[in-house]
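Just so you know, ligand 1 is whichever comes first in the structure, and atom 1 is the first atom listed for that ligand. Below, all heavy atoms of this structure are taken into account, side chains as well, without hydrogens, waters or symmetry copies.
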Amino acid sequence: MRLLLVTPENRFIKAFRRGQFNNFVQLTMPYLAGFVPRRHEVALVDEYNEPLDVDAKADLVALTCNTPNAAHVYALADAFRARGRLVVLGGPHATLLPEEAKAHADAVVVGEAETSWPRLLRDAEQGTVEPFYREPEPPALDGLPFARRDLIRGRAPLQDTIIATRGCPHRCAYCNLRQIYDPKIRFRPVEDVAAEVRTFRSPFFTFWDDQLFMNRRYALRLFDAIAGAGRRWAAMVTLASTQDETLLRAASRAGCVCLFLGLESFSPESLRLANKAFNVVGSYREGVERIHRFGMTVQAGIVFGFDGDGEDVFERTLREAAAAGLDGATVSILTPFPKTPVWEQLRAQGRLLTEDWSYYNGKTAVAFRPARMSPERLWDGYQWFRRRFFSPSCILERVRRSGVRPLQSAFLNWGYHRALGNRIPGRPIPRRSLVLGSSGPAGTGR
Ligand code: B12
Ligand code: SF4
């Protein structure tokens, strides 16, 4: 069979990310390509940097579908099906709303796919695919094939991403992890991970695990195993797990140069409402300093729009982010992803503004009515924060105060600064409210 695997990227996110420097490759489709028997022909198109030709010859087209990309993926899937291709969808959104996805696909793979994807491929070869595929058991993560990075084009410095674990012990109210993965936490053998890391061509890579430090013993063994690989890397962890200095030292020795902390908010009330009270605001500064002492920078996730956020949240966050000594941040608007507790709550309260999934990307639109401000105020405040936080003076001040890896930090922050000027394509305002802010109709230089 000829397979075409697609990493889709909708025009809003594409326009938003242009100019940023840390646009790492999405692992999903190169990883799934690793499961395809070599008798089949496989092509991979990543819409981040390649045009997708819907007339491309293929027996089977497989696309991964998250919520921000859902509308775009459905349009692509419809176009491929209109040309007689067998279309398979999987990924977070297809897992959350499989019936919706099925209207655009011949088969939907629900949830994890380590055994169901190979089964689907065998069925497709016989010409008899089922409408839905699900894993009978949570798949084990030993002996996994390595991702097919040879299929990635034009992304050399940022093409190396990997996972070592699956799952997270927490239950943040806005997060989809509990709905898309089996709750059983699993680990790859550290030897497998180290062997895959040794195949990397770039000197830098990223762990895409949700909480790499969640199991101390495993993390220490992993760091030991990859220490000799001579690569620098970044990972996502919780602040609470970084209190352990032995872990930080081992991570640093193994090449860790940056930790992404999902701090999300500086408001204890908002964190409580997000079921994330394990982030203790009073410990942020001390926690960041501890990580800095081991030579690693801190990139924080910051989200605006929780029910505890009033109109002053933007200014307060700017002040407190500086006081905490963050090196950088990924800033988002709270987004009620389907089936999360936040989505259930907002839906029950009639606060969802639209079900057009292209508004659900956390970056270029507001999809709900906030509790303590208007959607317009949320949009404007988010934009104001980004402009200030990534202004040259704020960047310089951050880099100077931290003193940790100043070139790396300045470079990453400068990418976010460059992206501030990006123009996002326009589109109609959702039916139930104005959500696009006072800066005028969509597309006016947001
Ligand atoms: C890495 C990552 C990112 C990276 C990289 C994104 C990228 N370009 O790759 C960054 C940090 C940039 C990012 C950004 C965002 N992300 Co993100 N991200 C992840 C993360 C942590 C890991 C994904 C991953 O690579 N997993 C490893 C691969 C191998 O597994 P997988 O993708 O889960 O796929 C498995 C199954 O789902 C299935 N499968 C998946 N697709 C398909 C397709 C087919 C055909 C088949 C057969 C099977 C299949 O098979 C795989 C093996 O079992 C996930 C959380 C998670 N653990 O999944 C969130 C996650 C995917 N992200 C999420 C979100 C919300 C975002 C943002 C919108 C956040 C924001 N506000 O900015 C943006 C939007 C990005 C975009 N391009 O639109 C949500 C998506 C929720 C949803 N309903 O869609 C998740 C689930 C996080 C969460 N906790 O809720 N993200
Ligand atoms: S810590 Fe991160 S991955 Fe875990 S539940 Fe919370 S948001 Fe999701």
Does ligand 1 have an atom that lies less than 4.0 angstrom from a heavy atom of [X]?
| X | result |
| --- | --- |
| Leu63 | yes |
| Tyr174 | no |
| Ile13 | yes |

Starting from [atom], which protein heavy atom do you reach first, and at what distance in Å?
| atom | answer |
| --- | --- |
| atom 38 (C) of ligand 1 | Gly111 O, 3.6 Å |
| atom 89 (N) of ligand 1 | Cys175 SG, 2.9 Å |
| atom 78 (O) of ligand 1 | Asn66 ND2, 3.6 Å |
| atom 39 (N) of ligand 1 | Gly91 N, 3.6 Å |
| atom 27 (C) of ligand 1 | Ile163 CG2, 3.9 Å |
| atom 64 (C) of ligand 1 | Phe337 CZ, 4.6 Å |
| atom 26 (N) of ligand 1 | Tyr181 OH, 3.7 Å |
| atom 61 (C) of ligand 1 | Pro92 CG, 4.2 Å |

Using a 3.5 Å cut-off on N or O atoms only, is [X] in polar contact with ligand 1?
| X | answer |
| --- | --- |
| Glu112 | no |
| Ala113 | yes |
| Glu114 | yes |
| Leu27 | no |
| Thr64 | yes |

### Message
Please check: side-chain N/O of Asn422 versus main-chain N/O of Arg18, any donor-acceptor pairing under 3.5 Å?
### Response
yes
Under a 4.0 angstrom heavy-atom cut-off, which atoms of ligand 1 come close to [X]?
| X | answer |
| --- | --- |
| Thr28 | 28 (C), 31 (P), 32 (O), 34 (O), 40 (C), 41 (N) |
| Pro68 | 68 (C), 78 (O), 84 (O) |
| Ser332 | 70 (C), 71 (N), 72 (O) |
| Leu177 | 55 (C), 56 (C), 57 (N) |
| Ala62 | 45 (C) |
| Glu9 | 76 (C), 77 (N), 78 (O) |
| Gln26 | 7 (C), 8 (N), 9 (O) |

Heavy-atom pair with the smallest gap, counting every atom of [X] and [Y]:
| X | Y | answer |
| --- | --- | --- |
| Trp208 | Val25 | NE1-O, 3.5 Å |
| Asn49 | Gly154 | ND2-O, 3.7 Å |
| Leu247 | Ala219 | CD1-CB, 3.8 Å |
| Ala173 | Leu273 | CB-O, 4.0 Å |
| Val366 | Pro375 | CG2-O, 3.8 Å |
| Ile162 | Asp209 | O-OD1, 3.8 Å |

### Query
Do the ring centers of Trp233 and Phe223 come within less than 6.0 Å of each other?
yes
### Query
Would Phe204 and Phe200 count as a close aromatic pair, with their ring centres under 6.0 Å?
no
Regarding [atom]: of the candidates [options], which has the closest heavy atom?
| atom | options | value |
| --- | --- | --- |
| atom 72 (O) of ligand 1 | Lys363, Lys14, Arg17, Met236 | Lys363 |
| atom 1 (C) of ligand 1 | Phe35, Trp343, Trp208, Tyr48 | Trp208 |
| atom 82 (C) of ligand 1 | Thr67, Asn10, Thr161, Asp209 | Thr67 |
| atom 47 (C) of ligand 1 | Trp117, Tyr31, Trp357 | Trp117 |
| atom 49 (C) of ligand 1 | Val73, Val110, Leu32 | Leu32 |
| atom 83 (N) of ligand 1 | Asn361, Asn176, Val88 | Asn176 |

For residues [X] and [Y], determine if any side-chain heavy atom of one lies less than 4.5 Å from a side-chain heavy atom of the other.
| X | Y | result |
| --- | --- | --- |
| Leu44 | Thr7 | yes |
| Tyr31 | Glu114 | yes |
| Lys14 | His72 | no |
| Thr165 | Asn215 | no |
| Arg166 | Pro138 | no |
| Arg186 | Pro139 | yes |

### Task
Determine, for Phe146 and Arg149, whether the Lys NZ or Arg CZ falls below 6.0 Å from the six-membered ring centre while staying within 45 degrees of the axis.
no
### Task
Could you tell me whether Arg231 sits above the aromatic face of Phe205, with NZ or CZ closer than 6.0 angstrom to the six-membered ring centre and within 45 degrees of the axis?
no
Check [X] against ligand 1 and report side chain, backbone, both or neither, counting heavy atoms closer than 4.0 Å.
| X | result |
| --- | --- |
| Tyr360 | neither |
| Leu96 | side chain |
| Asp210 | side chain |
| Leu120 | neither |
| Val109 | side chain |

## Note on the structure
Distance filter < 2.8 Å from atom 6 (Fe) of ligand 2, protein N/O/S hits 1
Show which side-chain atoms of residues 414-421 pair as donor or acceptor with protein atoms under 3.5 Å away, not counting sequence neighbours.
residue: Tyr416; atom: OH; partner: Asn22; partner atom: ND2; Å: 3.1
residue: Tyr416; atom: OH; partner: Gln299; partner atom: NE2; Å: 3.4
residue: His417; atom: ND1; partner: Phe390; partner atom: O; Å: 2.7
residue: Arg418; atom: NE; partner: Gly19; partner atom: O; Å: 3.1
residue: Arg418; atom: NH2; partner: Gly19; partner atom: O; Å: 3.2

### Query
Have Tyr74 and Glu100 got a donor and an acceptor in their side chains that come within less than 3.5 Å?
yes
### Message
Between Tyr174 and Glu264, do the side chains contain a donor N or O and an acceptor N or O under 3.5 Å apart?
### Response
yes
### Task
Quick one: sort the Phe21 and Phe411 rings into parallel, tilted or perpendicular, breaks at 30° and 60°.
parallel
### Task
Kindly write out the residues that satisfy salt bridge (charged side-chain N to carboxylate O under 4.0 Å, His left out) with Arg272, not counting sequence neighbours, or none if the list is empty.
Glu269
### Residues forming a salt bridge (charged side-chain N to carboxylate O under 4.0 Å, His left out) with Asp123, sequence neighbours excluded
none
